[in-house]
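Remember, predicted model here, so these are calculated numbers, not experimental data. Just so you know, residue 1 is the first one in the sequence shown, and it goes up from there. Scope of the values below: all heavy atoms of this structure, side chains included, with no hydrogens, waters or symmetry mates.
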Amino acid sequence: MNDVRNIIPSIKYAHEAGMISQCALSITHSPIHTVEYYTKMALELIENGADEICIKDMAGIGRPRTLGKIVSNIKKAYPEIPIQYHSHAGPGFSVASILEVCDAGCDYIDVGMEPLSWGTGHADLLTVQAMLKDAGYQVPDINMSAYMKVRSMIQEFSDDFLGLYISPKNRLMNSLLIGPGLPGGMMGSLMADLEINLETINKGRAKKNEQPLTQDDLLIKLFDEVAYVWPRVGYPPLVTPFSQYVKNLALMNVMQMLKGKERWSMIADDIWDMILGKAGRLPGELAPEIIEKAKAEGREFFNGNPQDNYPDALDKYRKLMNEKHWEVGESDEELFEYAMHPAQYEAYRSGKAKVEFLADVAKRKGEKEKSAAGSPAGATAGSFTFPTTPQQLSVDVNGELYRVTVAFGDTANSGSAPVATPAHVPAAPVVSGAAASGDGEELLSPLEGKFFLVKSTSDTPVKVGDTVKKGQTVCYIEAMKTYNAVSAESDGVVTSISFVPGDAVSEDDVLMTIK
């Protein structure tokens with residue numbers, strides 16, 4: 001949040017561990033985020049012991065002259081403090097910004113290389129090196145033999161699997177990104193999310209005999225909504241996770257309004273924590289409509305130290321790892337990963353995540369080969385014949401046998417990730433808009449994502465037979481790095497739960513039934 005109360009403690013922790021503390025200023029462009037704002041922040045961090053400063057221009061949205069002034073102000077006050085500049089190339093400012101910050105005294109520049117440079121990545125190494133050398137700077141020479149070898153390696157793993165998850169538009173620079181100011185890394189996941197959301201939106205529009213939207217139509221609606229949402233939620237810096245929160249909130253608003261529902265009708269708990277000040281002080285003021293909604297839902301604003309909201313939980317997770325006979329890893333990094341992302345870490349350690357990933361890669365490769373061959377589902381592309389129905393495969397991971405369901409082409413599950421279950425357990429059916437077993441009212445998924453009963457290991461999941469109240473959170477859909485709470489729509493007893501934690505679900509899938 002650019003709240004120094006969240007950053008200063010880490011300076012002390014780094015020094016206690018014998019490390020260098022480099023503190024980052026998360027750059028964005030707004031009436032709040034001025035040269036004076038960032039200069040004050042940098043000087044306060046240095047006064048509290050920061051050894052280096054990083055100008056983290058995560059969206060490449062910083063204006064060149066503004067960035068140069070920030071660097072110049074820091075160097076005037078503390079000429080001995082190293083400064084690093086980190087920027088993505090997306091909106092097109094990055095090369096000009098690099099020259100400006102170097103003229104102001106910047107010491108290090110982050111660069112990328114083909115095929116990952118430009119677009120939503122860094123400016124390219126060759127371009128930056130040539131520009132700075134021409135400007136009279138001392139820059140290292142480039143070993144072109146090594147450069148070409150690494151370039152080939154990157155291309156190899158892009159062809160192998162990474163390219164299956166990257167939109168071709170990620171490779172393009174786009175001045176439309178100046179408006180929303182969204183970071184490059186997040187734009188990559190956004191393009192993938194939009195493909196899924198667009199399919200859902202157009203299914204709904206088709207039912208109402210409305211013309212389908214294109215991805216560009218949806219992208220413009222989203223960018224316009226980001227511009228509406230961002231100032232109204234206090235101008236949080238658009239860096240992970242807050243950029244995802246702003247984008248997710250904007251996307252939810254767009255999707256809900258396209259369905260005829262109200263704006264702000266679905267706000268995830270993590271986003272509420274940001275709005276309420278639990279993660280840190282927002283740079284700007286909240287809009288009255290947001291304050292009124294918070295009060296209507298009985299939510300309380302937090303004005304204390306945000307660090308108080310995040311007590312040390314490592315002992316709890318260390319106990320869990322001991323019980324599971326898991327190694328905490330060198331410097332406790334495995335322990336820390338478990339504490340940060342418990343559900344994802346358990347899926348990783350069990351092998352379930354790997355199986356689902358390998359199956360999804362196989363599915364995407366098959367669909368890509370089919371598309372390249374221009375053949376219909378079930379036809380032969382090269383030497384591979386594509387099945388017209390979902391196929392079950394058995395995969396061995398660390399001695400544990402898993403059964404994986406993989407669907408190719410236009411099937412009921414083509415929008416979902418593969419489902420993996422231990423082979424000795426009967427595979428649960430993937431429910432896609434169909435009624436689940438169990439009497440009662442169907443609780444439908446409000447969006448695509450992954451199903452979880454809880455978002456923390458300290459929470460107690462509901463189970464079949466439990467009595468629940470209307471409005472009670474009974475499960476979560478994890479999408480776009482946020483957990484979206486799903487509440488019971490009536491009092492009753494849970495009669496069935498259709499998915500296991502971690503399963504992929506589509507919008508309107510039956511999550512559970514309540515009678």
Side-chain angles (χ1 to χ4, degrees), residues 164-165 186 188-200 240-241 244-245 247-249 251-252 255 266-271 337-338 340-364 390 395 397 402-407 412-422 425 427-434 436 443-457 459 461-463 473-487 496-512:
L164 299 171
Y165 295 88
M186 201 216 68
S189 61
L190 169 63
M191 298 309 295
D193 293 336
L194 284 183
E195 291 179 11
I196 298 172
N197 291 312
L198 184 63
E199 182 180 351
T200 299
T240 298
Q244 279 84 358
Y245 294 172
K247 180 266 294 183
N248 291 357
L249 188 52
L251 184 56
M252 286 297 176
M255 293 184 70
M266 192 169 183
I267 303 178
D269 289 346
D270 292 336
I271 300 176
E337 189 65 35
Y338 189 21
M340 289 287 287
H341 309 105
Q344 291 86 345
Y345 188 81
E346 288 180 355
Y348 152 69
R349 287 304 296 254
S350 70
K352 183 175 187 288
K354 181 177 181 179
V355 168
E356 290 185 344
F357 172 69
L358 293 175
D360 194 47
V361 167
K363 174 177 177 281
R364 288 171 182 260
V395 182
V397 177
Y402 283 81
R403 181 179 298 127
V404 186
T405 301
V406 185
N413 299 317
S414 62
S416 303
V419 175
T421 56
V425 178
V430 178
V431 183
S432 183
L443 183 65
L444 305 181
S445 176
L447 73 164
E448 304 83 359
K450 288 196 173 184
F451 172 82
F452 291 100
L453 288 167
V454 295
K455 65 175 181 179
S456 170
T457 54
D459 298 336
V462 300
K463 58 185 183 298
T473 298
V474 292
C475 62
Y476 295 87
I477 303 300
E478 190 266 331
M480 303 172 289
K481 297 188 179 181
T482 57
Y483 282 81
N484 300 276
V486 181
S487 303
S496 71
I497 299 175
S498 309
F499 296 92
V500 298
D503 278 354
V505 298
S506 297
E507 185 176 5
D508 292 337
D509 278 356
V510 178
L511 302 176
M512 59 181 67

- Query: Roughly how far apart are Lys450 NZ and Phe499 CZ, rounded to 0.5 Å?
  - Reply: 13.0 Å
- Determine yes or no for a side-chain-to-main-chain donor-acceptor pair under 3.5 angstrom, with Asp503 supplying the side chain and Phe451 the backbone. no
- Considering all heavy atoms, the nearest Ile271-Tyr245 contact: CD1-O, 3.6 Å
- Query: With a 4.5 Å limit on heavy-atom distance, are the side chains of Asp270 and Asn248 in contact?
  - Reply: no
- Message: Quick check for you: to the nearest 0.5 Å, what is the distance between Asp508 atom CG and Leu447 atom CG?
- Response: 10.5 Å
- Heavy-atom pair of closest approach, residues Ile477 and Val505: CD1-CG2, 3.7 Å
- Query: When rounded to the nearest 0.5 angstrom, what is the spacing between OH in Tyr345 and OG in Ser350?
  - Reply: 11.0 Å
- Side-chain donor or acceptor of Ser498 paired with backbone N/O of Val510 under 3.5 Å: yes
- Message: Once rounded to the nearest 0.5 Å, what's the spacing between atom CD of Glu478 and atom NE2 of His341?
- Response: 9.5 Å
- Nearest heavy atoms of Ser506 and Ser445, plus distance in Å: O-CB, 3.5 Å
- Query: Can you name the nearest heavy-atom pair linking Tyr483 to Ala268, along with the distance?
  - Reply: O-CB, 3.5 Å
- Shortest non-hydrogen contact from Asp269 toward Ala485: OD2-CB, 4.1 Å
- Item | Rounded distance [0.5 Å steps], CD in Glu337 versus OH in Tyr348 | 9.0 Å
- Rounded to the nearest 0.5 Å, what separation is found between the CG atom of Leu198 and the CE atom of Met255? 9.5 Å
- Nearest non-hydrogen partners of Met266 and Met252, listed with the distance: O-CB, 3.9 Å
